[in-house]
Colleague: 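Mind looking over this structure? Questions follow.
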There are 2 protein chains.
Amino acid sequence: MTEEPRSRRERPAKAPLTRRGIVAAAVQVMRSEGMDRVTMRRLAKELDTGPASLYVYFRNTAVLHGAVLDDLLAAVDLGPVGAAGDWRLRIEAVLASYMDVLFEYPSLAQSAVSARPAGENYLRLLEGLLALLDEGGVPADQAAWGVDILLQLATAAAAEHAGGDDPEAWGAARAALLAVSPDTHPRIAALGEGLFSGSGEERQSWGIRVLINGVLGTPRTGGESA
Amino acid sequence: MTEEPRSRRERPAKAPLTRRGIVAAAVQVMRSEGMDRVTMRRLAKELDTGPASLYVYFRNTAVLHGAVLDDLLAAVDLGPVGAAGDWRLRIEAVLASYMDVLFEYPSLAQSAVSARPAGENYLRLLEGLLALLDEGGVPADQAAWGVDILLQLATAAAAEHAGGDDPEAWGAARAALLAVSPDTHPRIAALGEGLFSGSGEERQSWGIRVLINGVLGTPRTGGESA
DNA sequence: ACCTGAACACCGTTCAAGT
DNA sequence: ACCTGAACACCGTTCAAGT
């Protein structure tokens, strides 16, 4: 005869699998061990089962990562949507909050570039941005496409920091730009350090303003702006 | 006694390893078996050696992928840079050519989002875009930051098609957007199908115009545009 | 320096079988 | 339907040793 379990609190007692439970475990593993441990196998171990079991809930790893991202997006601050003040600054604030979330786990941002989430938190973010664009007088058809670009650029900017920010690789890239000959690459040479000027935040803030101005000033037919 | 090799042409005779040779093998494997077979191990097999040998030339897989991308970038058509005609349309043409290359191997685009290349072909592309922005009268400081956003958005757009364009996942995302309640998400509901309107090319072309207009019309200090 | 075999520590996904 | 163990077919990277 084997021992009876003394209490169901010895372990989480193998709670039945659910989508939410799996995502919760994934977030936990992500916070403690980093995004590249959020694998089907690692999660199966965490949930005390075999990897095959998870495929009942998530068709593949990309879908699982999408669900994790949407879960994290609950932390995006949508306060500025209903607040007072310049609508452009409020869009900037919302996107900055979105990027703050992604910056913590850049490899999640990287997967989000190719597998945009469609969960409730992502929908809320979309709705908030559309409300702000509407408030700013952006025509609906331009807003529909514009919100997509806005999120895409913010996501890509965060994803850029995935892969460990390898300082050697970055130094090499910088050196390549600065070592260019003025004869073959006159404008790169002329700009020089100027290509690297500004902090990440300054560049990002400018990038968002560029997009807002462009979205506002570029009709969907016609080409040139005012 | 073992057989003497009959000829050194029986196989490529184990040419000595070089950076260029490895990249060439990588491109070949990529074209015949797809990007996710471009691994250190697969390449080592192709080059008739062990995986460890490749680490002499590439610090890790990401760097190798970057070198492959730069190699492919030789195919970008920079003709429009020196041609006549509307500078905006010529920027569009160059970026469209860049995206054509990336669209063939979206997972390469995906890695380019986080590991921008710095090879000779990338530098040429950068130089070409800077020349066009200059021709269009974009101030140098705005061009320096703007060219970065332009490439980032084009790269991200191509990367979006990585991971196999899973039609089920796409359908699910679309359904989620269309199923939203007008009470909780009024603007998403109001836009409805409008969020998905247009072809990829139309959206991309508009996106580039948005960026050009924004870059041209957004000074680096000051905020609001004209 | 360059090159290598072998090892360490993992992966995603599918299958046949169970409940 | 949901769940599983086991298997298939791989990975990246490092190490100690060789040339």
Side-chain angles (χ1 to χ4, degrees), chain A residues 11-26 29-30 32-68 106-108 110-111 114-115 162-169, chain B residues 11-26 29-30 32-68 106-108 110-111 114-115 162-169:
Chain A
R11 265 205 180 212
K14 191 129 198 244
L17 291 177
T18 60
R19 246 162 258 254
R20 295 179 59 88
I22 295 169
V23 170
V29 168
M30 183 190 64
S32 59
E33 301 173 37
M35 193 55 198
D36 48 59
R37 302 292 289 173
V38 180
T39 66
M40 292 295 196
R41 292 181 103 107
R42 177 68 189 79
L43 252 37
K45 202 161 286 178
E46 190 72 18
L47 295 165
D48 214 0
T49 181
S53 308
L54 305 180
Y55 284 82
V56 175
Y57 300 94
F58 299 97
R59 188 169 39 267
N60 56 47
T61 309
V63 171
L64 169 65
H65 287 177
V68 169
S107 55
L108 204 49
Q110 194 176 20
S111 68
S114 46
D165 277 319
D166 190 341
E168 287 212 41
Chain B
R11 265 206 181 210
K14 191 126 197 246
L17 291 177
T18 61
R19 245 162 258 255
R20 294 179 59 88
I22 296 169
V23 170
V29 168
M30 184 190 65
S32 59
E33 301 173 38
M35 193 56 197
D36 46 62
R37 303 291 290 170
V38 181
T39 66
M40 292 295 197
R41 293 182 102 106
R42 176 69 188 81
L43 251 38
K45 201 161 290 177
E46 191 71 18
L47 295 164
D48 214 358
T49 181
S53 307
L54 305 180
Y55 283 83
V56 174
Y57 300 94
F58 300 97
R59 190 169 38 267
N60 55 46
T61 310
V63 171
L64 169 64
H65 287 176
V68 170
S107 55
L108 205 49
Q110 195 175 23
S111 68
S114 46
D165 277 319
D166 190 340
E168 287 211 43

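Only this structure's heavy atoms are used, side chains among them; waters, hydrogens and symmetry mates stay out. The model shown is predicted, which means the values in this text are computed figures rather than measured ones. Every chain is numbered from 1 and lettered A, B, ... according to where its sequence line falls, protein lines coming before strand lines.
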Colleague: Using the P atom as the point on both nucleotides, what is the distance between D/dC10 and C/dA9, in whole Å?
Modeller: 23 Å

Colleague: Ignoring hydrogens and angles, tell me if any N or O in the side chain of A/T18 forms a donor-acceptor pair with the backbone of A/G21 under 3.5 Å.
Modeller: yes

Colleague: Out of D/dC2, D/dT13, C/dG5, which has the shortest distance to the side chain of A/V56?
Modeller: D/dC2

Colleague: Taking DNA chain C as the partner, which of residues 36-43 of chain A come within under 4.0 angstrom of it by heavy atom?
Modeller: A/R37, A/T39, A/M40, A/R41, A/R42

Colleague: How many Å lie between CG on B/L54 and P on D/dC15, as a whole number?
Modeller: 17 Å

Colleague: Is it the case that atom CZ in B/R20 sees more than 12 heavy atoms from other parts of the structure closer than 6.0 Å?
Modeller: no

Colleague: Main chain of B/R42, side chain of B/T39: is a donor-acceptor contact present, judged purely on distance under 3.5 Å?
Modeller: yes

Colleague: side-chain contact (heavy atoms from CB on, under 4.5 Å), that's the test. Do B/L108 and B/V68 meet it? Break it down for me.
Modeller: CA-CA 8 Å; B/L108 205 49; B/V68 170; 4.1 Å; yes

Colleague: Any side-chain to backbone donor/acceptor pair from A/H65 onto A/V38? Under 3.5 Å, distance only.
Modeller: yes

Colleague: Closest approach of A/R19 and A/F58, non-hydrogen atoms and distance?
Modeller: CG-CZ, 3.8 Å

Colleague: Which value, in whole Å, describes the distance between the C1' atoms of nucleotides D/dC8 and C/dC11?
Modeller: 12 Å

Colleague: Would you indicate what B/S53 reaches in the nucleic acid, counting non-hydrogen atoms under 4.0 angstrom: base, sugar-phosphate, or nothing?
Modeller: base

Colleague: Looking at the side chain of B/A52, which of C/dC15, D/dT13, C/dT4 is the nearest nucleotide?
Modeller: C/dT4

Colleague: Could you state the atom-to-atom distance from OH of B/Y55 to P of D/dA17 in whole Å?
Modeller: 21 Å

Colleague: Whole angstrom is fine here: how far is it from CE in B/M35 over to P in D/dC10?
Modeller: 18 Å

Colleague: Measure from the side-chain heavy atoms of A/T49 and tell me the nearest of D/dC2, C/dT13, D/dT4.
Modeller: D/dT4

Colleague: Starting at atom NZ of A/K45, determine the distance to atom P of D/dG5, rounded to an integer number of angstrom.
Modeller: 12 Å

Colleague: Show me the dot-bracket string of DNA chain D, counting Watson-Crick or G-U pairs under 3.5 Å, with | for pairs to another strand and [ ] for crossing ones.
Modeller: ||.|||||...|||||.||

Colleague: Measure across B/A44 and B/L54 and return the closest heavy-atom pair with its distance rounded to 0.1 Å.
Modeller: N-CD1, 3.8 Å

Colleague: Between B/L64 and B/Y55, does a side-chain contact (heavy atoms from CB on, under 4.5 Å) hold up when you go through it step by step?
Modeller: CA-CA 10 Å; B/L64 169 64; B/Y55 283 83; over 6 Å; no

Colleague: Can any side-chain N or O of A/Y57 pair as donor or acceptor with the backbone N or O of A/L17 at less than 3.5 Å?
Modeller: yes

Colleague: Between B/E33 (CD) and D/dC11 (C1'), how many Å, whole number?
Modeller: 15 Å

Colleague: What contact category does B/F58 fall into here, base, sugar-phosphate, or nothing, at under 4.0 angstrom with non-hydrogen atoms?
Modeller: nothing

